[in-house]
Amino acid sequence: MARVLVMIPSGEVYGRDNVRWYQHYDVQSSINSYHNIGDAFVFDSSLKLLSYDKLGVLEISEFKPDLVDRLRDEYDYVFLRGSNYIHNSMNWEQAVPILKRLGLPIIGFGIGAQAPSKGRIRLSDQTQELLHLIAGSTTSIGVRGAYTAQVLRDIGIRNTRIIGCPTAFRSNAPDLRIKLPPLDSVRKVGVTIRREVSPDYAKDIERYLTFHRDLVKTMARRFDAVLMAQGEVEEKKLVLGTYAQRDDAMDALRAHPWAASWYLDEEMVRLYCERLFYSDVVADYEELVRSLDLVLGYRLHGNLMALANGVPSIYFTYDSRTVEFAETFQIPSFDVFSSKEFRLDEYWDQSLFDKHNRSWRHIYGEMHQFLTENGVAHRMIDTGNTQGTSIRKFA
C-alpha cells in the first residue's frame, strides 16, 4: 500500500475515500464563494481507484525546503488531481521549485487542456516547465483526450496516455454498460446546469444561455425534472441559504444583465424555487443520479457521474473541454452553437450508447494500464484490453 500526496485537492476527505467541501458542517463559511463541486467528484473518484494507507496534501502556495524534505521521506508519489490545468492563464504558484526539490514521481491523473474561444492556446513558461517535470518523472502522463495529448506533443511531450477522467470509473466495474429503457418509461430526469459562463471559452453567450434556458424548460415540462447545480453562489444560496440570502440571490440573478436578458424568465424563476438541487457532498450527487432515468445538460462531471452509475446521459458541448470529453468516451452530444434543434427522441438510440459502451471499456483498460505502468498501487481490474509492462515501481 502506498503513501500518497495529492496536489491541488478539492474538498476534505472523510472515511477512506469520500469527499465533501471544506467545513461542510458550516454552510455559511463558503456560501459567498464559488467552488465547483465537480472538482470534488474527481478527487473522490481518484481515491476510490487507488490503494493507499496514507494520504497527505502537497501545498504549493509557499516553498518551505525543510517541509519538502520531510515529505520526501514520508511519501511515495504525488498525484495531480485531474482538472483543466493546461490553459493560457494557469498559475502554478510555487509548484515547480517544490516538485523539483521533492523529487518524487508526479502522476498526472487525467489532466486536460482548455482552448480559448478565439486564437491559439499559449502556455506560459511556468506551465511548460511543470508539464515537462511531470513527464520526466513517470512512464506516462494521463490526459483527458486527444486534444490535450496534441497540446503536450506540441511542446515536446510524447509519453501521454488518454485515460479520460477518474469519475467515469468510480464504480470500478469494467462490465458497466448503458442500456436504454423505452423512452416512454422515463420519468425522472436530471438537468445539469451551468449558468455562469465566460466568453473566453463559449463563443456566443446569448446562444449559450437562451438554449440552456429552453432546454431546462422543455425537460421540466416533459418530465419530473431536477436542476443540478454545482457551485454558483446564487444557486447555492437558493438551496442552502437563509431566507434573506435566498431573496438576495434571486435579486442578484434578476439584476445580472446576461441572466436577466437570456436566462431567468418567470418560468425559470419558478423552477429555480421548486426544482433546484445542490450539495457540498459528492455522495449526495451519486445518490441523486442513481434515482434518475436520464441526466443531460451542461455539466461535464455531473453528466459523467450519471454514466459512471449506469444512467444514460447526453452532453451539450460548448467548448474544447466538453467536446474532448464527449469524443474520448464517445458520449452522445449536441453542439450548443449548431443551428439544429435538439430532439431527445433522436438521441434515444441504443446504437449511439453502444459506441460509448465500447469506448468506455477501452478507456477503462487504458486507465488500468496507466496506473500499472507507473507503478501505482490501485484497485482497478485487468480487462486485458491493453498491452504493456510496468516499467517503474514506486508504490
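The minimum heavy-atom distance between Phe329 and Ala168, with the atom names listed, is CZ-CB, 3.6 Å.
Arg246 places a side-chain N or O within donor-acceptor distance of the main-chain N or O of Gly241, the cut-off being under 3.5 Å. Asn374 places no side-chain N or O within donor-acceptor distance of the main-chain N or O of Val376, the cut-off being under 3.5 Å. In this structure a side-chain-to-backbone donor-acceptor pair under 3.5 Å is missing from Arg170 to Leu47. Arg81 places a side-chain N or O within donor-acceptor distance of the main-chain N or O of Ile8, the cut-off being under 3.5 Å. Between the side chain of Glu324 and the backbone N or O of Thr148 there is at least one donor-acceptor pair closer than 3.5 Å. At distances below 3.5 Å, at least one donor-acceptor pair connects side-chain atoms of Asp293 with backbone N or O atoms of Arg187. Between the side chain of Asn88 and the backbone N or O of Arg122 there is at least one donor-acceptor pair closer than 3.5 Å. The backbone N or O of Gly164 sits nowhere less than 3.5 Å from a side-chain atom of Thr328 that would complete a donor-acceptor pair. For the pair Gln126 (side chain) and Trp92 (backbone), a donor-acceptor distance under 3.5 Å is present. In this structure, the side chain of Trp348 engages the main chain of Pro181 through a donor-acceptor pair within 3.5 Å.
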Q | Trace of the side chain to side chain contact (heavy atoms under 4.5 Å, CB included) decision for Arg321 with Arg144 | A | CA-CA 9 Å; Arg321 181 181 58 105; Arg144 182 165 62 206; 3.4 Å; yes
Q: With salt bridge (Lys or Arg N to Asp or Glu O under 4.0 Å) as the test, would you mind laying out the steps for Glu232 and Arg299 before giving the verdict?
A: CA-CA 12 Å; Glu232 293 96 333; Arg299 282 291 183 177; 3.0 Å; yes
Q. Are Asn357 and Gln350 close enough, and set up right, to give a side chain to side chain contact (heavy atoms under 4.5 Å, CB included), and what steps lead you there?
A. CA-CA 10 Å; Asn357 291 335; Gln350 185 61 49; 4.0 Å; yes
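No hydrogens or angles considered: nothing links the side chains of Asp39 and Ser10 as a donor-acceptor pair under 3.5 Å. Ser117 and Asp319 share no donor-acceptor pair across their side chains, judged by distance under 3.5 Å alone. Using modelled atom types and a 3.5 Å distance limit, the side chains of Tyr278 and Asp280 yield a donor-acceptor pair. Using a 3.5 Å distance cut-off with no hydrogens or angles, the side chains of Arg290 and Asn309 do pair a donor with an acceptor.
Listed by first and then second residue, the ring pair (Phe, Tyr, Trp, His ring centres under 6.0 Å) pairs involving residues 41-71 are Phe41-Tyr285 (not counting sequence neighbours). Within the structure, ring pair (Phe, Tyr, Trp, His ring centres under 6.0 Å) contacts touching residues 125-162 (residues at least two apart or in different chains) do not occur.
Ring geometry, Trp262 versus Trp258: the interplanar angle falls under 30°, so the pair is classed parallel (tilted spans 30 to 60°). Aromatic ring orientation, Phe316 versus Tyr298: parallel (interplanar angle below 30°, classes split at 30° and 60°). Ring geometry for Phe325 versus Tyr315: interplanar angle under 30°, hence parallel rather than tilted (30 to 60°).
The environment of CG in Asp345 is crowded: more than 12 heavy-atom neighbours from other residues, nucleotides or ligands sit within 6.0 Å. In Lys54, the NZ atom is crowded: over 12 heavy atoms of neighbouring residues, nucleotides or ligands sit closer than 6.0 Å. Counting heavy atoms of neighbouring residues, nucleotides and ligands inside a 6.0 Å radius, atom CZ of Arg153 does not exceed 12 of them. Enclosure of atom CZ in Arg120 is not indicated, since only 12 or fewer non-hydrogen atoms of other residues, nucleotides or ligands lie within 6.0 angstrom.
Alongside Tyr14, the hydrophobic cluster contains Val281 (criterion: ILVMFWY side chains under 4.5 Å).
At least one side-chain heavy atom of Met367 sits less than 4.5 Å from a side-chain heavy atom of Phe109. Here the side chains of Leu123 and Ile121 are in contact, with some heavy-atom distance below 4.5 Å. Between Val282 and Arg20, the closest side-chain pair of non-hydrogen atoms is not below 4.5 Å. Residues Arg379 and Lys48 are not in side-chain contact: their nearest non-hydrogen atoms beyond the backbone lie 4.5 Å or more apart. By the 4.5 Å heavy-atom criterion applied to side chains, Glu129 and Lys100 are counted as neighbours. Annotation: side chain of Leu276 is in contact with side chain of Glu235 (closest heavy-atom distance under 4.5 Å). Within the 4.5 Å cutoff, the side chain of Arg254 has heavy atoms near those of the Val269 side chain. Taking 4.5 Å as the limit, some side-chain heavy atom of Val191 sits within range of a side-chain heavy atom of Leu296.
Of the options Gln28, Lys237, Glu234, a side chain to side chain donor-acceptor pair (under 3.5 Å) to Gln245 is made by Gln28 and by none of the others. Under the ring pair (Phe, Tyr, Trp, His ring centres under 6.0 Å) test applied with Phe211, the options Tyr318, Phe342, Phe337, Phe334 reduce to a single match, Phe334.
Remark: His356 NE2 to Ile314 CD1 distance equals 12.0 Å, nearest 0.5 Å. Distance check: Leu49 CG to Asn172 CG gives 6.0 Å after rounding to the nearest 0.5 Å.
Remark: Arg361 fails to qualify as a cation-pi partner of Tyr364 under the 6.0 Å distance and 45° angle criteria applied to the six-membered ring.
Cluster membership for Val42 and Ile331, using ILVMFWY side-chain heavy atoms within less than 4.5 angstrom, is not shared. A single hydrophobic cluster is seen to contain both Ile155 and Val143, as judged by linkage of ILVMFWY side chains at heavy-atom distances under 4.5 Å, directly or through other members.
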